[in-house]
Undergrad: 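Please read through the structure below; I'll follow up with questions.
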Amino acid sequence: MKDDGAKGVPIEVLLVEDSPGDVRLTQEAFRDTNSTIRLQVATDGVEAMAMLTHRGVHAKSPRPDLILLDLNLPKMDGREVLAHIKEDESLKTIPTVILTTSEAEADIVKSYQLQANCYLSKPVELDAFENLVKSINDFWLTKAKLPPQNEPA
Amino acid sequence: MNPIPEEGRKYLEVLLVEDSPGDVLLTREAFRDANTATRLHVTSDGAEAIAFLHREGEHSEAPRPDIILLDLNLPKVDGREVLAHIKQDRSLKSIPTAILSISENPADITKSYQLQANCYIAKPAQWDAFLVLVNCINDFWLKRVKFPARTVASGSWGLPDLGSSKKSG
């Protein structure tokens, strides 16, 4: 049928990332790749959960179609955010991609056990980072079928 | 044979659970054309897939797959049931499981994500589109994504003896 990204309907992506440099890089890479993406940013785990559960100033936060989650975050760790998402009946269907500099086996295994949808390690080189963002776009935002926003009951 | 360190893994073990011989052939050829370093194992129904994953019966030598490509509509045990089984099993749940189905029914998509499918991919009917899709799966899942090591996820899975596995893609 149609690709979700092809018809001008914005795709909501939530980036949970505390490094301002990485936020900036991700924003720019997505902007160059796919103009239908609306990237929201949470800079710590508590803010991410507030956005996902529409608490406080985040009452109007859109439900993300895809979450990009760093593991090492202030206030609430990325592993804890992941566990909360995947234990919540409503949130668990949102594909959650771990995007971290860690290549530790324990982090990879733990993330999959907590039902991360996939685990990507963040490259340090700019070109490689841009390529990775493109490949996230190519797979998750054009090829994969994301759960519909209005879930059937 | 010496254990293969994680970094030196020569190829990825892919389990395709698919009952249509035509789709199996297409997938096999597409992976071959994409020049992937994969070994494709095929089970043609859900019961056989579960036997493969638990190394039962004729599958006693089966490797632990790095990724599972699972059709939804399968004989004997349905793909949804296979998915639920995988994601409720402490040892198997960490294996990335991609749904690869002709269904674009939103209920199937949502249900699969509820059961913790790692992703949902609609299978195109045209060969060209199918090739593009397999290339994309290869580029993303087999080149970018980090997988759990075969040994760490479960004590019972040894590193595979490369000579012992049955069929290679």
Side-chain angles (χ1 to χ4, degrees), chain A residues 1-4 65-66 71 85-123 128 131-153, chain B residues 5-7 66-67 86-125 129-130 132-154:
Chain A
M1 291 300 205
K2 64 183 180 199
D3 283 347
D4 291 0
D65 294 300
L66 182 74
L71 284 183
I85 292 169
K86 294 302 180 181
E87 279 161 9
D88 183 292
E89 275 309 307
S90 160
L91 298 176
K92 73 196 289 189
T93 57
I94 303 173
T96 304
V97 172
I98 302 300
L99 187 57
T100 176
T101 51
S102 166
E103 297 198 33
E105 185 59 39
D107 283 335
I108 299 174
V109 172
K110 178 78 178 164
S111 297
Y112 282 107
Q113 279 170 347
L114 291 173
Q115 304 296 353
N117 292 73
C118 71
Y119 189 106
L120 299 170
S121 74
K122 224 186 304 190
N131 282 333
L132 182 66
V133 169
K134 281 193 180 72
S135 75
I136 293 171
N137 178 66
D138 287 348
F139 181 76
W140 281 105
L141 305 179
T142 54
K143 286 291 183 295
K145 293 288 164 192
L146 300 172
Q149 280 280 355
N150 298 315
E151 291 183 22
Chain B
E6 176 68 11
E7 297 298 320
D66 293 301
I67 183 168
I86 292 168
K87 294 302 180 182
Q88 282 160 17
D89 184 290
R90 282 185 83 74
S91 158
L92 300 177
K93 71 193 288 188
S94 60
I95 303 175
T97 304
I99 301 302
L100 191 57
S101 169
I102 51 166
S103 166
E104 298 196 33
N105 182 341
D108 281 334
I109 298 173
T110 298
K111 177 76 179 166
S112 298
Y113 282 107
Q114 275 169 348
L115 292 172
Q116 304 295 359
N118 291 73
C119 67
Y120 190 106
I121 307 163
K123 223 184 316 189
F130 195 81
V132 169
L133 177 68
V134 170
N135 266 301
C136 184
I137 293 172
N138 182 58
D139 286 344
F140 186 77
W141 282 95
L142 307 182
K143 290 186 183 163
R144 302 278 182 187
V145 170
K146 298 282 172 192
F147 293 99
R150 290 178 195 132
T151 41
V152 179
S154 157

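Throughout, a chain's letter reflects where its sequence line sits, starting with A, and its residues are numbered from 1.
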Undergrad: So which atom in A/S135 and which in B/F140 form the shortest heavy-atom distance, rounded to 0.1 Å?
TA: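 Here A/S135 and B/F140 meet closest at O-CD1, 3.5 Å.
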Undergrad: Measure the spacing between OG of B/S91 and CD of A/Q113 and express it to the nearest 0.5 Å.
TA: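 Reported value, rounded in 0.5 Å steps: 9.0 Å.
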Undergrad: Which value, rounded to the nearest 0.5 Å, describes the distance between A/Q149 atom CD and B/T110 atom OG1?
TA: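 The distance works out to 10.5 Å.
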Undergrad: B/K87 versus chain A, heavy atoms under 4.5 Å apart: side chain, backbone, both or neither?
TA: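 Backbone plus side chain of B/K87, per the 4.5 Å heavy-atom cut-off to chain A.
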Undergrad: Determine whether more than 12 heavy atoms belonging to other residues, nucleotides or ligands lie under 6.0 Å from atom NZ of B/K111.
TA: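 No.
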Undergrad: Atom CG of residue position B/L133 - does it have more than 12 heavy atoms of other residues, nucleotides or ligands inside 6.0 Å?
TA: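 For B/L133, atom CG is crowded (more than 12 foreign heavy atoms under 6.0 Å).
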Undergrad: CG/A/L146 to OH/B/Y113 distance, rounded to the nearest 0.5 angstrom?
TA: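 Spacing of CG (A/L146) from OH (B/Y113) equals 5.0 Å.
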Undergrad: Compare every heavy atom of A/K92 with every heavy atom of B/Q116, then report the nearest pair and how far apart it is.
TA: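 Taking every non-hydrogen atom into account, NE2-CE, 3.0 Å.
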Undergrad: Output the distance between atom CZ (A/F139) and atom CG (B/N138), rounded to the nearest 0.5 Å.
TA: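 Taking CZ in A/F139 and CG in B/N138, the distance rounds to 12.0 Å.
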Undergrad: Output, in order, the C-alpha distance, side-chain angles, deciding distance and verdict of side-chain contact (heavy atoms from CB on, under 4.5 Å) for A/I136 and B/R144.
TA: CA-CA 9 Å; A/I136 293 171; B/R144 302 278 182 187; over 6 Å; no
Undergrad: Give a yes or no on this: more than 12 heavy atoms of other residues, nucleotides or ligands lie within 6.0 Å of atom NZ of A/K122.
TA: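 Yes, because the 6.0 Å sphere around NZ of A/K122 holds more than 12 heavy atoms from other groups.
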Undergrad: Please classify the contact of A/D107 with chain B as side chain, backbone, both or neither, using a heavy-atom distance under 4.5 Å.
TA: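 Neither the backbone nor the side chain of A/D107 comes within 4.5 Å of chain B.
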Undergrad: Can you give me the closest heavy-atom contact between B/C136 and A/D138, atom names plus distance?
TA: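 Smallest interatomic distance, heavy atoms only, reads SG-O, 3.9 Å.
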Undergrad: Under 4.5 Å heavy-atom distance to chain B, tell me which part of A/K86 shows up: side chain, backbone, both or neither.
TA: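 Both parts, heavy atoms under 4.5 Å.
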Undergrad: Between A/I94 and chain B, with a heavy-atom cut-off of 4.5 Å, which part of the residue counts as in contact: side chain, backbone, both or neither?
TA: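 Neither part; nothing is under 4.5 Å.
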Undergrad: What's the shortest heavy-atom distance between A/N117 and B/W141, and which atoms?
TA: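 Scanning both residues, the minimum pair turns out to be O-CH2, 3.1 Å.
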Undergrad: Considering non-hydrogen atoms only, spot the tightest contact between A/K143 and B/V132 and give its length.
TA: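 For A/K143 versus B/V132, the nearest heavy atoms are CE-CG1, 3.8 Å.
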Undergrad: For the residue pair B/N118 and A/A116, what are the closest heavy atoms and their distance?
TA: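 Looking at all heavy atoms of both residues, the closest pair is ND2-O, 3.2 Å.
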